[in-house]
Amino acid sequence: MNATHKDLKKVIKTMEQLDEPRVKKDKWRLGFHLMPPVGWLNDPNGLCYFKGKYHVFFQYSPFDPRGGIKVWGHYTSPNLVDWTYEGTPLLADQAEDCHGVYSGSTFIEDDKAYIYYTGNVKRLGDFDYDYVGREANTMLVETQDMKYFGPKQCIMTNKDYTEKMSCHVRDPKVWKEGGIYYMVQGARTKEDRGQVLVFESKDKKKWKLINEITSEERFGYMWECPDLFKVDGITILSISPQGVERQGFEFWNVYQSGYYVIDGDFRSTYSLNNFCELDRGFDFYASQTFQDEKGRRILIGWMGLPDCEPEYHNPTVEKGWQHCLTIPRELHFKEGKLYQNPVKEIESLRKQCIINNIKGEETLPAYSLSEVIVTDINSEGGLSLIINEDVSLTFDTADETFTLEFLNATGAGRTKRIVRLKELRSLRVFCDYSALEIFINDGQEVFATRYYPEQRKNSIKVICCKATVAVWELGEMKYDEA
Ligand code: FRU
């Protein structure tokens, strides 16, 4: 540990102690979504299950809720529901990462965790920082206990990414397959095309570029946070592209987050199938997956986006914090697409439930923290669910669309998002103090959005021919500090 690290850690602790009381008092703090102790949070990083615990690291700017220098914050959990904040193990304290410990992943082997991330460096001078002036160092840190983190090793620099790349190469994700280690990194070429670089290694330290994956037609100028993994035997490449134009109901957010199915071999000849958005809401980006000890493929996304202002914003900034992560979602591949559902453990938050059989229109009482499950739906003539008089969820049978719409200012600028949907079989809505996650047809489509009610009306209005609606009261997840 160098001297800068020690003192930075102290400064962060002081900042957290100063701002935490204000953040904890905020009515919009979250009950069961991971949020930063203070300040700003973005991407989930280094997700893994290691020696009996889940580890969720995150991009963290403790000094400013509007963002700033990035370090890694660290949460652990035995069960994905009770969380402990472990502090900030990786700080911007070296020449190779002095402008930010950017995103990355954890790879586990032989009782050891290997943490890969991007060390961001902006050279002093008159640079554009896209094509000149920025360094993207691939860094490695080893740990046996996730408490003591070994020295930072710089294992690749921009010259290892070829002449064709701009300065933007980052977010290493590492895995092992057939005795070989692989790494993907997100990239922007000098011609402003998004793509993924694929590396291989025999020892986890020396890496060789073996392939460049991109779409046949240009799809945005930069692909961030790539993840390549298998679900139910299908190879998925998930990316967060920037610079994609709106088309029909697709790509309405400033940046996207979604996946391709890869046919062929990611190491050599491949083809990418249609890009599909992972989430249809206002607040989703930079997701990452990992496989846990039960063999589940679990995804966590950043429930936020960079650069969405002035269209919409998060008023928690005035309370000293901004952004959160999604609930962990278990992935499956069926009927040609990824399905996402909250991990089963979330059900342990359930306290009491009222089941209602609805015919026509009815307003049900809800709770500040609720899970609403709609099943046995007869949606002839459509279905609407109106949450606290603020947000409507509407299935239009004739148009075959499902719409999330804010009915007033509680969206802080958020308006409407739509997805094509042929039929509505089930709906599951998680309402947190300032976040909603909506799962349609057992995870066929998902919407994540932030939501800022001044006062909670705690009601659910349902309009449809017939449906069964269960309203669960949820408890808060446990949250401690190490
Ligand atoms: C995505 C991202 C990553 C980068 C990190 C920096 O949100 O831009 O590409 O590593 O955030 O915080």
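Both counts, for ligands and for their atoms, begin at 1 and track the order of listing. We're numbering straight along the sequence, starting at 1. This one's a predicted model, so the numbers in the text were calculated from it and none came from an experiment. Scope of the values below: all heavy atoms of this structure, side chains included, with no hydrogens, waters or symmetry mates.
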If you measure every N or O of [X] against every N or O of ligand 1, does any of those distances drop under 3.5 Å?
X      : answer
Gln59  : yes
Trp302 : no
Ser103 : yes

How far is [atom] from the closest protein heavy atom, and which atom is that?
atom                   : value
atom 9 (O) of ligand 1 : Asp171 OD2, 2.7 Å
atom 2 (C) of ligand 1 : Asp43 OD2, 3.4 Å
atom 8 (O) of ligand 1 : Glu224 OE2, 2.8 Å

* Asked: Which is it for His323 and Met35 under the side-chain contact (heavy atoms from CB on, under 4.5 Å) test, yes or no, and what are the steps along the way?
  -> CA-CA 6 Å; His323 298 311; Met35 58 180 270; over 6 Å; no

* Asked: Val231 and Leu331: which non-hydrogen atoms are nearest, and at how many Å?
  ->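 Between these two residues, the closest heavy atoms are CG1-O, 3.7 Å.
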
* Search all heavy atoms of His313 against all heavy atoms of Tyr452 and return the closest pair with its distance. =>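 His313 and Tyr452 have their closest heavy atoms at O-CE1, 4.0 Å.
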
* Taking the six-membered ring for Trp and the full ring for Phe, Tyr or His, determine whether the centres of Tyr339 and Phe333 are under 6.0 Å apart. =>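 Centroid separation for Tyr339 and Phe333: 6.0 Å or greater.
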
* **Lys70 neighbourhood, listing ligand 1 atoms whose heavy-atom distance to it stays under 4.0 Å** =>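 Listed by number with element: 12 (O).
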
* **Numbered atoms of ligand 1 (with element) below 4.0 Å of Tyr285, judged on heavy atoms** =>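 Heavy-atom distances to Tyr285 below 4.0 Å select 1 (C), 7 (O).
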
* **Side-chain H-bond candidate by donor/acceptor type, Asn45 with Tyr117, under 3.5 Å** =>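 Their side chains do not contain a donor-acceptor pair, so the 3.5 Å distance test is not met.
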
* Test item: side-chain donor near acceptor, Glu330 and Gln340, under 3.5 Å ->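 The answer is no; no qualifying pair exists.
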
* Asked: Going by the angle between their ring planes, with limits at 30° and 60°, are His74 and His55 parallel, tilted or perpendicular?
  ->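 Aromatic pair His74/His55 classed parallel.
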
* Which is it for Asn42 and ligand 1 at heavy atoms under 4.0 Å: side chain, backbone, both or neither? ->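 For Asn42, the contact with ligand 1 is made by the side chain alone.
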
